[in-house]
Structure formats: structure tokens, C-alpha cells
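Before any comments, here is the structure.
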Amino acid sequence: MAAHDHRSHCTISGIPLAACYGADDIPPTARAAVASSPGAAPYLRGAYPAMYRERPWRIFQLSGFGNPADENQRIRFLLGQGEHGFIMEHDRNTADHLYDVDHPEVLARREDVGLTGAVIMGVRDYETVLDGIALDKTYGHPGGGVVQHAPFALSCYWTVARRRGIPFDQLSGTGQSDYFLTYLGCIPKQQVPTRAGLRLCSDIIEFCAEHLPRWVPVSIAGYNGADTGLNAWQELGATFANAIEFLDDVRARGRIPLEQAARGVGGVSFRVAMDFFEEIAKLRVARKLWSCLLRERYGITDERAARLRIHVVTAGSAMTYQQPLNNLVRGTLMGLAAVLGGVQSLGVSGYDEALSIPSEHAHQMSLRIQQVMQHEANLTAVADPLGGSYFIESLGAALEEKARGFIAEIEAQGGFLASLDSGWLHKRAEQNQLALFDDIESGARTVVGVNDFKHDQSPFAIDGFRGSSDAFEQASRRLAELRRTRHQRATDCALKALASTCRGDGNVMPAMMAAVDADATVGEIGAVFRDCFGDWHIPIAM
Amino acid sequence: MSNAPSPRVLLAKTGLDGHWRGVTLVAQALRDAGFEVVLAGMARAEQIARMAADEDVALIGLNIGGHIEVVERILDALAAEVPDIPVFAGGIIPPWMVERLATRGVEAYPPGSSLADIVTAATRLTATAAA
């Protein structure tokens, strides 16, 4: 049977496991960090001294579909149910590609519009989504997961805040601009090249450093690398190779102190999947790696920069189509690993993940899993409860060594951007995918309900959430209204100014804010980007 | 059999969603089983129909990540342009959609399907079409 296969004595990333661990298994080089305190460098044991006792992790779920009003309703539902912040999801067709809803590629798939998130054509739609939500009191994630979408998404959100009279220094939240999503895992049909994307990211980092001190400007999502196939140490290595690319660029531009940029880049997200102990060890050692990397490479020791803050999303790919209620158990286990590893915020994927975007009920259950952990299981009283465990510390040291090796491999490729441009990183992810699938096909790895224990009484069969059906029509109507009622000359001027900034080397964010304020649409912004920056050549066949 | 040319399969994505893990896995499994695979990426209905004809494929696989109406528009185009080429599908396909695709003669392989079953289906569908 599967349980006795030799592969179950390795972690999923291939690190061999002994039957039992002792003090000698913690390498001497790791012992100083093990003996440190939570909240002290190198932060192996936690970002803050008292961890959840003083700062419970933020319950932070993705949500969004259909029309801006649908998204507004779902966010308010989640906040009303005890969520501590919100993440806006956008329609992939329009947002990720920077297409208006009447772009030919979108028209050809009009019924898909609104499936993965709300359709947002401009700042007026942001006003609808954010209606009734106190932006100065809520931690917000306005979307912009895809690199080229981020400047628009952030500008819209901040413009809504400004119109409400909220000073920028009172806004807290996070951007994203994730390379793993954009160039590795979920590649848009058309997008700006990686180098132009880096310029946009550095612009956001510098703009936030100047105007939005409480905002995380970009947030590297190792999650998206991992759910595309990178294993635990590859996820760590690639995440920090990406951070190195950001910091090197900001340093070369020389406009803000590097410590400040490092603070901005030091809010990341990781995936937690089903290898319980490996994931705990990974989160702990991620903090150590970051603080060592800043000290070794940049001489940065400033504690606000060196303290890595971690958001975790539980693996969507671990959620099965078969026997979907089992996914509540998987969500709980993965969530628990995240909590034990030490996180600042957590999203638990919906139990209907393999069938559809989350239903309201699936969303509620993701919250309830987190609330049961926070309030019933006494998990929050003690910081780093597994610190000093022979096994966890030994595994963490092994992961750290391999992650450092992977950073070196990426640098040998010419750096993180080069590893994406050439398709090298895609190949590494694909190799793992194929191996994992082989193991599932052969039965060497058991997935309950999928390749074993398949008998299902199905008393709770679910059908998948269907979303709203009028998102395309509504968005078309709003777009026509927007074009008819805006001050066209002001829009044209603002777009021209944006194009001229893009062609020069100034920061695009002030021009983007002005364009958004003048009711420029997502597609018009996209046209400027495509014109100024050109297209990225996708390095893989799909 | 050994002298026969490998049957060609066209794989296309119906939506503008660039998740490529699933398609790549299926493409590799089909290649390993002796098929020749042509990848169309995120293509529109008329593009898929034209490629299927130009490339002279024996089977079309649709990677579905969106609404049934988009898929049905593609099936309509294929029925009009290349009516003899069988179609099967994979991707995020909830149970109700599996049933609706079946009424159009399209077998669906949702998440968790075995690659061996997908290869068996491709072999059967191309053999039936050739007969």
C-alpha cells in the first residue's frame, strides 16, 4: 500500500526523513538561530516577540466575481462575518490583459467576463466596489496581482480614498505585482516584458516610500510559483531571487534609501500545501533567509526591513474535485501548518476550489476554519511552539541550504528575470509537476478520494458556484456611459502625459493617478503600455 | 501500427486564462503514448477550427476554464467547419457541465482524472474517427 512506499519517507521536495530526530541532527551552523527569541534577528522563531498573543493573524480571503456591486456585497458579507481585511479579485479577461470589455479577444469570450472577479473598467467601478467600506480602518488589497495591472489597480483604490478625504498616510494595505503569477503560473495572452514590469514595480515601491508609509507596495507571491510546481526550497529560493532583482533595481535607480525599499519588499506570500512539517519548517526558515540575505548582500540590519512578514494561502491545487468536503479537512491541516510556522495573515482556499470560484458557503467555511483555530484550539497563546524541535530545526536547515543553492542556480541563469524570459524556471516547475503526477498515477502517492478510498456516498455533493450572468452586459453599459459622460479632453491629455512618462524614465505613478482620476479606462491604459513597452515573448508552448 | 503516422491531437484553451499546468501534463502524456500534439494556446473559435483543418488533426482537446456558452460557441464552429473531428475536454468542469457536454458528444475529464484514462480516450476517439 501507498503508506509503506519509500517515497513517504521523504518530504514532497525530496528531503530524506529519518525515523526519529535528536539533538545532533541540528547542524552547528543552525544552532545560534534556534537559540534566538521570537521577534529577534534572524527571526527564525517569529517576526514579533509575542506573535498571535498581541497580533492575531489577519483573516484575509480572496473574493470577487461578476459586477462591482456583486463584489461589494461579497466583501461586505465577509467583513460582516469576521474577516479582517479584503482582497479584491478581478476579471481575468479584462484586468490581467488590460483590455476593455469591447476588445475583440474579450468579445470572443463574453460569457467568461466576470467569472474570476469583478469587471472593473475605471475608477467609478472602484467606487462601487468600495462603497460603504471604511478604507482608513480596513486593510485592503485592491488587486493588481498581474504586474501590468498593478499601477492601475492601486491608483484607482488610492484615488477613491483621496476623494473621500482620507490622507494617504492613513491607508494600510498591500499591492501585489506578482511575477510568479504573471510570467510563470498564469500567463496572460499579452503583457509587458519582464524588464518593463520591473520598472513599474520600482515606480510603485518609490511612490509608496514617499506617500504611503503603511502600504506594502509589492508582494512577491511564492504561492504562485509553488502552485505551478516549484517545491518548497525552490519556492523559497525563487522568491528571494525575485526580491534581489527588485532591490538591485531600486539601488541602481538610487532615488530612495535601500532600507526603505527592503521594508516594502519584505511582505511576501507563500503557499502551504499538504506536507505538514516541511511547510512549517519552510515558513520559519524563510524569515531567517531574508534577514541573512539583507545583511550579507546589502548590509541592511534595520529591523523593520529585516523582519519578513508572511501571508499564506493554502494550496488551491491540493483541493480535490472528488469528495469535495474532504477539502475542509485539508484546509484545516494546511491552515494549521501556516499558523505553527508563524504568519501575519492567512487565506484558506475554498472547499469547492476544483469545481468553481468559491460559493458564499465555501467562503464562510474558510473563515470558520480560521475562527475555530483562533478561538477554540488555544493556538495563539505561545509564540513559535515548535521552536527547538529536533526534527523541525533539522528540516529547516536542510531547506535553507537547498534554497541558497537555488538562488545561486537562478543567478547562474542571469538572474530571476532571465530565468523567466528563457523558460528555465517553467521547465523546473514542469519537471516537478510531471513527477508528482506520475506518483499519483502509479499510486506511489495517495490522494484520498482521487486514487484511493474512492467509494463515496456523496450525501453532500456540490455543484460549483455559477457566478452572475450579466457581467458582460452590465460592463458594456457602464463603459458606454463612462465614455459618454467623462470630460474627454481631460482624459486624452492625461493619457498623453502617461505615454510620455512611460517613454521617459520618470515615475509612472503620478501620471497614472491623474489618468485614473480623469476616467481613463483599463483598456486605454493597456493601449498606452502596449504602445510604449511592447509584448513579452511567452517562452513555453501551451 | 508501427508504420502508421502518429495521430495528431490539437489542444486549445477556450478562455483567456493562462494557467498551463493541466494542458502541459496532458500534452506530455499524449506524446509519451505516441501522439503528435499541436498546441494552440488561448485561441478563439474560428482559430481553433482553422488550425484543426490546416494541421489535419484526428482529435481536438479543449482545456476549459470558463463558461459553457464560450465552449458551446467553439463546438458550433467546429461542427460547422470540421464536423468529423471528435472533441474531448478537460479543466475546471463542474458536474453539471460534464453532463451538458455529454449531450454534445464531448467527453469531459475534470480535475483528478487519470492521465491513463485520458490517453485511452484519445486512442479510442482517434480509432473511431479513422474507422
Side-chain angles (χ1 to χ4, degrees), chain A residues 91-94 96-97 99 104-116 181-182 184-191 227-229 317 319-323 352-357 426 429-430 433-434 437-438 440-441 447 449-451 461-467 469 538 540-542, chain B residues 10-29 31-32 37-48 63-74 77 90-100 108-119:
Chain A
D91 168 53
R92 185 144 274 147
N93 301 276
T94 49
D96 291 10
H97 294 83
Y99 291 156
E105 290 288 354
V106 179
L107 288 177
R109 305 163 175 89
R110 63 188 70 196
E111 296 86 356
D112 280 351
V113 167
L115 181 69
T116 58
L181 179 72
T182 310
L184 184 79
C186 180
I187 306 173
K189 199 174 166 71
Q190 210 178 11
Q191 66 187 311
D227 234 31
T228 308
S317 62
M319 298 311 205
T320 65
Y321 184 91
Q322 293 73 16
Q323 305 180 21
D352 54 2
E353 176 95 14
L355 286 91
S356 64
I357 62 161
H426 306 75
E430 189 185 343
Q433 279 301 315
L434 291 170
F437 236 83
D438 278 350
I440 294 171
E441 287 285 295
V447 184
V450 174
N451 66 352
I462 58 171
D463 211 16
F465 180 65
R466 299 200 194 195
S469 57
I538 300 174
I540 51 160
M542 63 166 119
Chain B
L10 178 73
L11 297 181
K13 297 176 72 65
T14 63
L16 275 184
D17 181 324
H19 283 102
W20 52 275
R21 300 181 347 155
V23 182
T24 313
L25 279 168
V26 170
Q28 193 57 46
R31 286 194 188 107
D32 291 347
V37 178
V38 182
L39 292 165
M42 295 171 255
R44 313 205 296 239
E46 69 278 10
Q47 294 167 327
I48 298 172
N63 176 214
I64 296 175
H67 269 284
I68 186 77
E69 290 83 358
V70 176
V71 180
E72 286 176 336
R73 186 176 312 121
I74 293 170
I92 302 287
I93 310 176
W96 66 268
M97 207 190 282
V98 172
E99 285 169 26
R100 193 147 142 189
Y109 293 85
S113 300
S114 120
L115 288 172
D117 288 348
I118 292 172
V119 168

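Order of the sequence lines sets the chain letters (A, B, ...), proteins ahead of strands, with each chain counted from 1. In what follows, every heavy atom counts, from backbone to side chain, and hydrogens, waters and symmetry copies are set aside.
In terms of heavy atoms, B:P111 sits closest to A:A354 at CG-O, 3.6 Å.
In this structure, B:R21 contributes its side chain and A:D227 its backbone to a donor-acceptor pair below 3.5 Å. A donor-acceptor pair is defined here as one N or O able to donate and one able to accept, closer than 3.5 Å; no such pair exists between the side chain of A:E430 and the backbone of B:L25. In this structure, the side chain of A:Y321 does not engage the main chain of B:I92 through any donor-acceptor pair within 3.5 Å. For A:R92 (side chain) and B:L16 (main-chain N/O), no donor-acceptor pair under 3.5 Å exists by modelled atom type.
Residue contact with chain A, scored on non-hydrogen atoms closer than 4.5 Å, is absent for B:A77. Looking at B:A27, there are no atoms closer than 4.5 Å to chain A (heavy atoms on both sides), in backbone or side chain. For A:H426, the parts lying near chain B are the backbone and the side chain together; criterion is any non-hydrogen pair under 4.5 Å. Neither the backbone nor the side chain of B:A29 has a heavy atom closer than 4.5 Å to any heavy atom of chain A. In this structure, the portion of A:E441 lying under 4.5 Å from any heavy atom of chain B is its side chain and not its backbone. Residue contact with chain B, scored on non-hydrogen atoms closer than 4.5 Å, involves the side chain of A:Q322 exclusively. Using a 4.5 Å cut-off between heavy atoms, A:T320 makes no contact with chain B at all. Looking at B:V26, neither its backbone nor its side chain comes within 4.5 Å of chain A, counting heavy atoms on both sides. Neither the backbone nor the side chain of B:I74 comes within less than 4.5 Å of any heavy atom of chain A.
Within the 4.5 Å cutoff, side-chain heavy atoms of B:P95 are placed close to those of A:L355. Side-chain atoms of B:H19 and A:M542, non-hydrogen and from C-beta on, never get closer than 4.5 Å to each other.
Residue A:H97 holds its NE2 atom at 5.5 Å from CE of B:M42, rounded to the nearest 0.5 Å. Atom CD1 in A:I187 sits 11.0 Å away from atom CG in B:D17 (nearest 0.5 Å).
Listed options B:K13, B:E69, B:R44, B:E46 were ranked by heavy-atom pairs under 4.5 angstrom with chain A; first place goes to B:R44. Residue with the most contacts toward chain B among A:L434, A:L181, A:V106: A:L434 (heavy-atom pairs, distance under 4.5 Å). Options B:L115, B:T24, B:V23 differ in how many heavy-atom pairs under 4.5 Å they form with chain A, and the most are formed by B:L115. Counting heavy-atom pairs under 4.5 Å between each of A:L184, A:V447, A:T228, A:I538 and chain B puts A:T228 at the top.
Checked against ring-ring contact (aromatic ring centres under 6.0 Å, His included), B:H67 has no partners two or more places apart in sequence or in another chain. Applying the salt bridge (charged side-chain N to carboxylate O under 4.0 Å, His left out) test to B:R73 and every residue at least two apart in sequence or in another chain returns A:E111.
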